[in-house]
*Asks:* 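Sharing a structure with you now.
Protein chains get the first letters and strands the later ones, always in sequence-line order, with residue 1 at the start of each.
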Protein chains: 2
Amino acid sequence: MAVIGGRGDADLTMRLLWAGSERGPSRSAPGPRQSLTASAIVEAAIGLADEEGLAGLSMRAVGERLGRSAMALYTYVPGKAELVDLMYDQAHADFSGACEEAADWRSGVLEWAVELRDLYLRHPWVLQVSHARPVLGPHEQVVFEALAGLLRSTELPGRVLRGAVSALFHHVRGSARTAAEAGRAAAETGVPDREWWTRRSTLLREVAPDFAERFPHSVRLAGDASAGQGGGTRDSAGAERAERGWARGVDAVFVAGLTVLLDGLSSATGVDGRGEASEG
Amino acid sequence: MAVIGGRGDADLTMRLLWAGSERGPSRSAPGPRQSLTASAIVEAAIGLADEEGLAGLSMRAVGERLGRSAMALYTYVPGKAELVDLMYDQAHADFSGACEEAADWRSGVLEWAVELRDLYLRHPWVLQVSHARPVLGPHEQVVFEALAGLLRSTELPGRVLRGAVSALFHHVRGSARTAAEAGRAAAETGVPDREWWTRRSTLLREVAPDFAERFPHSVRLAGDASAGQGGGTRDSAGAERAERGWARGVDAVFVAGLTVLLDGLSSATGVDGRGEASEG
DNA sequence: GACAATACATTACGTTGTAAGGAGATGTGG
DNA sequence: CCACATCTCCTTACAACGTAATGTATTGTC
């Protein structure tokens, strides 16, 4: 059940998101002092979501983590939907923006994608927040700005760039999502990926013995790589690491997909700054 | 909360998924006759999910739709997780595979992507089922096989093709997801997309008056197109349709991203069967 | 007709987000 | 210093969820 962001109380949420210099209501009201802050709640919630996933994120659990009841949080945060929005943007604060120092746009975008993927893997629940009706917070905007800046130097028309941005985001998010879900599935069910796949393969052979004849191209495409259906990014099943040297631990399929995308952009610039132009 | 498929009772689920010719247990047991079938339940559940989303899919609701109680379903289906797996594969039965008749691989892949996107838009809840630990049913396999067959004729190495498959799936799924979620958000909140964006933009200007200076590249990239952050695929906000003639109602950003991907593959084949090779 | 097996219903449990209402703490005006 | 209004935080309560446990009615075989 995808969480749809940007839901309630747009006003308050936006103000919380972008609150930089402004301080609170100047401390002169009756009643007990506030013992929490919105950002402390957000931090606690992020910690919890990192460990348990969005499914494990309940107001009760966040409250408990802070030594409060669930309802105590409602003083600082309008509701769960808004809390998730705040968490979403805050998670993007990790982004370093180192990619902006890259030598050329191509390696810069590569760096951008890898760093964003790492960020998603650290905070997988971020991927469950919808991109339609975006949260529109400052930290995610920094991530977007970095990519926009890099692509600007390609001098390609806006139409192409918007397409590329879309495809890049989708590839990064999709790859990270699959990797994260594989990890989560393993943790939750106790069955490691490798074992799950062999078990499933056996079952498949039993139940569909004519698989190879019905789906020859699928079988061939999955081919040498770690078997299975092949549609998703497998999390480095022990095979080929260091595809080209720099890719330490970065999934080979992820990089290959990225390369296709970058080739598409390169070819559109007419420069084709690529070493590996094979023919036939 | 992403539903992780391929969970329980692998045996029974796989048997239900691939059950083609085999009939039931030959009807010779005591007790009342079965008044339902697994596929009737799956069909009812798909109808419900199409209308209400996965969040609205409850065993009680499916039961009610069939004039039964929630628990009655457990005679035919091991549990909700398995039901979702069955729904997932069944939804892919709509896929026509017309793309396989295309003139060349490039237009074939384009057709493939557009048809798959349409399928996802008809059954948006499919996108909430994880691709890690795939369901491995026969109908989705047909979709995968179609793409694999098309890409085979590029004669590119497997590494590149697996990357391309991954990126293509992610772009199609991501685009469809965003479009579907935008629609759902509009339906659920009663606020249409256009209104939401203008409201949000106003708010953003209030709360971050220096936005344009802080994020110049973002602003420029969003540029002429329908404003906002620009990271996601907007659902044709009334502007430019028929980008190149054939794109009736297909989102321009989706097609542009697809084009970058196809260009990447074309350039790798060395043929570059592209008309629009601009330089500079 | 007895009996075992099956289909389906009812009830119950521990979750969830949050509305409602109450208890205790703390500022300000008299 | 004492109401008193205001604020924080708690407890309680509700409807909805998946499904285990249990009960009831229906059907086949002996």
*Asks:* Can a side-chain donor-acceptor contact be found between Glu145(A) and Ser218(B) if the only test is distance below 3.5 angstrom?
*Replies:*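 Indeed, the side chains of Ser218(B) and Glu145(A) share at least one donor-acceptor pair under 3.5 Å.
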*Asks:* Among dG27(C), dT6(C), dC9(D), find the nucleotide with the atom closest to the side chain of Tyr76(A).
*Replies:*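 Nearest listed nucleotide: dC9(D).
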*Asks:* Rounded to the nearest Å, what distance is computed from the CZ atom of residue Arg33(B) to the P atom of nucleotide dC8(C)?
*Replies:*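 My rounded result for the distance is 12 Å.
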*Asks:* Hey, does the side chain of Ser69(A) come within less than 4.0 Å of dT11(D)'s phosphate (OP1/OP2), counting only N and O?
*Replies:*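 Result: no.
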*Asks:* Taking the side chain of Met71(A) as heavy atoms from C-beta outward, which of dA7(C), dA4(C), dA20(C) is closest to it?
*Replies:*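 Closest of the options to the side chain of Met71(A): dA20(C).
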*Asks:* Could you tell me how far apart Leu36(B) (CG) and dT6(C) (P) are, to the nearest whole angstrom?
*Replies:*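 It is 17 Å, rounded to the nearest whole Å.
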*Asks:* Check the distance between dT26(C)'s C1' and Gln34(A)'s CD and give it to me in whole angstrom.
*Replies:*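 Going from Gln34(A) (CD) to dT26(C) (C1'), I get 13 Å.
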*Asks:* Could you state the CZ-C1' distance from Arg68(B) to dA7(C), rounded to the nearest angstrom?
*Replies:*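 Atom CZ in Arg68(B) sits about 9 Å away from atom C1' in dA7(C).
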*Asks:* Roughly how many Å is it from CD in Glu52(A) to C1' in dT16(C), rounded to a whole number?
*Replies:*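 Distance, rounded to whole Å: 16 Å.
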*Asks:* Checking all strands, does Arg60(A) fall into the base, sugar-phosphate, or nothing category for heavy-atom contacts under 4.0 angstrom?
*Replies:*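 Contact class for Arg60(A): base.
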*Asks:* With nearest nucleotides of DNA chain D determined for Leu57(B) and Ala72(A) from heavy-atom distances, which residue corresponds to the more 5′ nucleotide?
*Replies:*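 That would be Ala72(A).
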*Asks:* Any idea which of dG27(C), dC17(D), dG17(C) is nearest the Tyr74(A) side chain?
*Replies:*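 Between dG27(C), dC17(D), dG17(C), the one nearest the side chain of Tyr74(A) would be dG17(C).
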*Asks:* Out of Arg65(B), Arg122(B), Arg184(B), which residue meets the salt bridge (Lys or Arg N to Asp or Glu O under 4.0 Å) rule with Glu51(B)?
*Replies:*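 The passing option is Arg65(B).
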*Asks:* Identify whether NZ of Lys or CZ of Arg in Arg117(B) sits under 6.0 Å from the centre of the six-membered ring of Phe254(B) and within 45° of that ring's axis.
*Replies:*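 Yes; both conditions hold, so Arg117(B) lies above the ring face of Phe254(B).
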*Asks:* Take atom CE of Met59(B) and atom C1' of dT10(C), then tell me their distance rounded to the nearest Å.
*Replies:*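 The distance from CE of Met59(B) to C1' of dT10(C) comes to 16 Å, rounded to the nearest Å.
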*Asks:* For the pair made of CG in Leu83(A) and P in dT16(C), what is the distance, rounded to whole Å?
*Replies:*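 In whole Å, dT16(C) P and Leu83(A) CG are 15 Å from each other.
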*Asks:* List the atom pairs, with distances to 0.1 Å, where a side-chain N or O of residues 71-78 of chain A and a protein N or O form a donor-acceptor pair under 3.5 Å, not counting sequence neighbours.
*Replies:*
| residue | atom | partner | partner atom | Å |
| --- | --- | --- | --- | --- |
| Thr75(A) | OG1 | Ala72(A) | O | 3.3 |
| Tyr76(A) | OH | Ser35(A) | N | 3.3 |
| Tyr76(A) | OH | Leu36(A) | N | 3.2 |

*Asks:* How many whole angstroms separate atom NZ of Lys80(B) from atom P of dA20(D)?
*Replies:*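 Distance, rounded to whole Å: 14 Å.
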*Asks:* Between Trp112(B) and Phe144(B), is the ring centroid distance below 6.0 Å?
*Replies:*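 Judged by ring-centre distance (under 6.0 Å), Trp112(B) and Phe144(B) do not meet the cut-off.
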*Asks:* So which one's nearest nucleotide on DNA chain C is more toward 5', Ala70(B) or Pro30(B)?
*Replies:*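 First, find each residue's nearest nucleotide; the 5'-ward one identifies Pro30(B).
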*Asks:* From dG18(D), dA9(C), dG28(D), pick the nucleotide closest to the side chain of Ser58(B)?
*Replies:*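 Nucleotide nearest to Ser58(B)'s side chain: dG18(D).
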*Asks:* What nucleotide, of dC9(D), dA7(C), dC17(D), holds the atom closest to the side chain of Thr75(A)?
*Replies:*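 My answer, after comparing the listed nucleotides, is dC9(D).
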